[in-house]
Protein chains: 2
Amino acid sequence: MTTKTPPLSETDRPLRADARRNHERILESARVVFAQAGPDAQIDDVARHAGVGVGTVYRHFPTKEALLAELVRQKFRLFADRARDALAKDGEPFALIEGLIRRNAATAASDAGIQYALASAGEQAWTQAQAEQDELLAVTAELIERARRAGTIRPDVEATDIGMLMCGLCSTMGARPDFDWRRHLDLVIDVLRAG
Amino acid sequence: MTTKTPPLSETDRPLRADARRNHERILESARVVFAQAGPDAQIDDVARHAGVGVGTVYRHFPTKEALLAELVRQKFRLFADRARDALAKDGEPFALIEGLIRRNAATAASDAGIQYALASAGEQAWTQAQAEQDELLAVTAELIERARRAGTIRPDVEATDIGMLMCGLCSTMGARPDFDWRRHLDLVIDVLRAG
DNA sequence: CACTATAGTGAACTATGATTCCGCTTGTCA
DNA sequence: TGACAAGCGGAATCATAGTTCACTATAGTG
């Protein structure tokens with residue numbers, strides 16, 4: 001979760017130092033608070049956790065949903081970074097994909113509450129991260145292509161299939177903590193494997 | 001969705017005719033309204049759709065969540081009924097399971113909004129349907145056992161695996177209508193099949 | 001037919017939590 | 001170091017629904 005947030009675009013004036021610091025801090029707190037409290041997390045909680053006033057949160061993110069959306073964007077960026085790393089490495093292509101997926105699932109599990117919060121937030125939070133999502137899909141497609149040539153992945157798998165399956169896995173994590181997501185993950189990986 | 005609702009338990013006095021009629025009508029309206037509007041659906045909407053006052057809805061269901069929970073209970077009962085039917089039929093056991101799953105998925109898709117509403121409602125709605133869920137799991141386990149003996153199902157599949165996968169499928173339907181749930185379903189079925 | 005227990009009605013009440021706003025503080029820059 | 005734009009704080013505001021309740025209507029019964 002080290003991906004840098006680009007400075008508040010708009011007219012793109014450089015943020016004051018304290019503002020930049022707070023921006024980061026708020027995002028980090030949002031991550032923690034939403035992960036822990038899920039949909040019940042309130043902006044006030046995020047503000048308190050970050051040690052700033054609510055007003056400050058609102059200066060940086062116009063709505064709660066925007067804050068959530070930024071969290072999603074960051075996560076997609078992280079996943080895309082990891083996918084690019086995998087693309088750079090060499091090794092058995094399917095194994096790379098599997099490793100990637102397992103790692104991402106573990107990340108998602110560690111803050112399942114965010115997924116849960118997202119579910120309540122409505123789909124706009126997702127669509128606001130469209131670009132990052134597409135980027136991830138593009139990189140994933142390359143990885144798939146490579147595995148397909150190696151013949152180690154189920155030949156008809158598309159990048160969106162993986163997205164869909166992971167989406168199912170993650171929302172289940174959030175909504176039903178009683179389920180064993182590792183088992184679910186194993187099943188997902190098996191369906192992707194050739195043969 | 002023809003499963004009968006048992007009369008309001010408590011001291012179990014027989015409901016007045018109009019009350020019974022309204023109970024049914026409210027449930028039916030709730031199904032329609034939640035399916036359409038998802039988490040945005042309000043009790044007032046349900047009441048209006050059913051042609052009754054809000055107070056009447058509250059006479060029958062103490063909270064919004066209780067109403068949602070009853071919807072879930074009904075759905076599980078329906079699925080369990082179907083599973084029992086499948087158990088009674090004879091034919092290739094895995095094919096029976098596949099048919100069942102496909103049918104249930106189609107049902108779920110037809111009111112994906114309910115799944116979505118549920119996601120926002122919190123997990124209590126699920127735990128309130130625990131009994132019905134367990135019943136479904138039990139019948140499913142029998143179907144699986146049969147398929148396992150026939151060697152046509154992936155040998156290590158448990159009933160909860162199917163529940164988990166379907167849960168993932170259904171929540172994805174609700175949260176991401178842009179995804180192709182039929183494809184998702186095909187993948188799920190493939191992972192269950194003996195490989 | 002009364003009579004009454006049961007049920008229905010919907011305006012009013014509340015709780016919750018997001019968002020605003022304005023006076024105060026603090027980086028930044030000359 | 002002073003000026004001031006950028007940023008901050010957090011009490012107050014507002015909106016949205018869920019829920020209640022005092023009153024009215026009506027099945028069911030003798």
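All heavy atoms count here, side chains included; hydrogens, waters and symmetry mates do not. Computed from a predicted model, the values in this text were never measured in an experiment. Throughout, protein chains are lettered first and strands after them, A, B, ... in sequence-line order, and every chain is numbered starting at 1.
Checking each of Glu70(B), His23(B), Arg25(B), Glu24(B) against His60(B) for a side-chain hydrogen bond (donor to acceptor under 3.5 Å, both in side chains) leaves exactly one that passes, namely His23(B).
Distance, Arg59(B) CZ to dC21(D) P: 13 Å, rounded to whole Å. When rounded to the nearest whole Å, the span between NE2 of His60(A) and P of dA6(D) equals 14 Å. Rounded to whole angstrom, the span from the CZ atom of Phe61(B) across to the P atom of dT20(D) amounts to 16 Å. When the C1' atom of dG10(C) is taken as reference, atom CG of Asp45(B) falls 15 Å away, rounded to whole Å.
Annotation: salt bridge (Lys or Arg N to Asp or Glu O under 4.0 Å) contacts of Arg21(B) (sequence neighbours excluded): none. Partners of Phe94(B) under the ring-ring contact (aromatic ring centres under 6.0 Å, His included) rule, at least two apart in sequence or in another chain, do not exist in this structure. With sequence neighbours left out, the salt bridge (Lys or Arg N to Asp or Glu O under 4.0 Å) criterion links Asp178(B) to Arg176(B). Every residue meeting the salt bridge (Lys or Arg N to Asp or Glu O under 4.0 Å) condition with Arg148(B), not counting sequence neighbours, appears here in chain and number order: Glu145(B).
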What side-chain donor-acceptor pairs closer than 3.5 Å can you find for residues 186-195 of chain A, not counting sequence neighbours?
unit_1: Asp186(A); atom_1: OD1; unit_2: Arg102(A); atom_2: NH1; d: 3.1
unit_1: Asp186(A); atom_1: OD1; unit_2: Arg102(A); atom_2: NH2; d: 3.1
unit_1: Asp190(A); atom_1: OD1; unit_2: Arg193(A); atom_2: NH1; d: 2.8
unit_1: Asp190(A); atom_1: OD2; unit_2: Arg154(B); atom_2: NH1; d: 2.8
unit_1: Asp190(A); atom_1: OD2; unit_2: Arg154(B); atom_2: NH2; d: 2.9
unit_1: Arg193(A); atom_1: NH2; unit_2: Glu98(A); atom_2: OE1; d: 3.1

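Side-chain contacts under 4.5 Å among hydrophobic residues (ILVMFWY), followed directly or transitively, place Val32(B) with no other residue at all. In the hydrophobic clustering, where aliphatic and aromatic side chains (Ile, Leu, Val, Met, Phe, Trp, Tyr) are joined below 4.5 Å either directly or transitively, Met164(A) groups with Phe179(B). The hydrophobic cluster analysis finds Leu96(B) isolated: no Ile, Leu, Val, Met, Phe, Trp or Tyr side chain comes under 4.5 Å of it, directly or through other members.
Annotation: salt bridge (Lys or Arg N to Asp or Glu O under 4.0 Å) contacts involving residues 128-138 of chain B, sequence neighbours excluded, comprise Arg77(B)-Glu132(B), Arg84(B)-Glu135(B).
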Task: Pair Val72(B)-Gln128(B), side-chain contact (heavy atoms from CB on, under 4.5 Å): steps then yes or no - done: CA-CA 9 Å; Val72(B) 178; Gln128(B) 280 180 51; over 6 Å; no
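Rounded to 10°, the helix from dC1(C)-dG30(D) to dA30(C)-dT1(D) has 10° between the axis fitted to its first five pairs and the one fitted to its last five.
OP1 or OP2 of dG7(D) has not a single side-chain nitrogen or oxygen of Thr56(A) nearer than 4.0 Å. Contact annotation: Asn22(B) side-chain N/O to dG8(C) OP1/OP2 distance is under 4.0 Å.
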Please write out each protein N/O paired with an N/O of nucleotides 17-19 of chain C under 3.5 Å, distance rounded to 0.1 Å.
unit_1: dG17(C); atom_1: OP2; unit_2: Gln42(A); atom_2: OE1; d: 2.9
unit_1: dA18(C); atom_1: OP1; unit_2: Lys64(A); atom_2: NZ; d: 2.6
unit_1: dA18(C); atom_1: OP2; unit_2: Ile43(A); atom_2: N; d: 3.3
unit_1: dT19(C); atom_1: OP2; unit_2: Tyr58(A); atom_2: OH; d: 3.0
unit_1: dT19(C); atom_1: OP2; unit_2: Lys64(A); atom_2: N; d: 3.0

Task: Base-contact (B) and sugar-phosphate-only (S) positions in nucleotides 24-30 of chain D, heavy-atom cut-off under 4.0 Å, - elsewhere - done: --BSS--
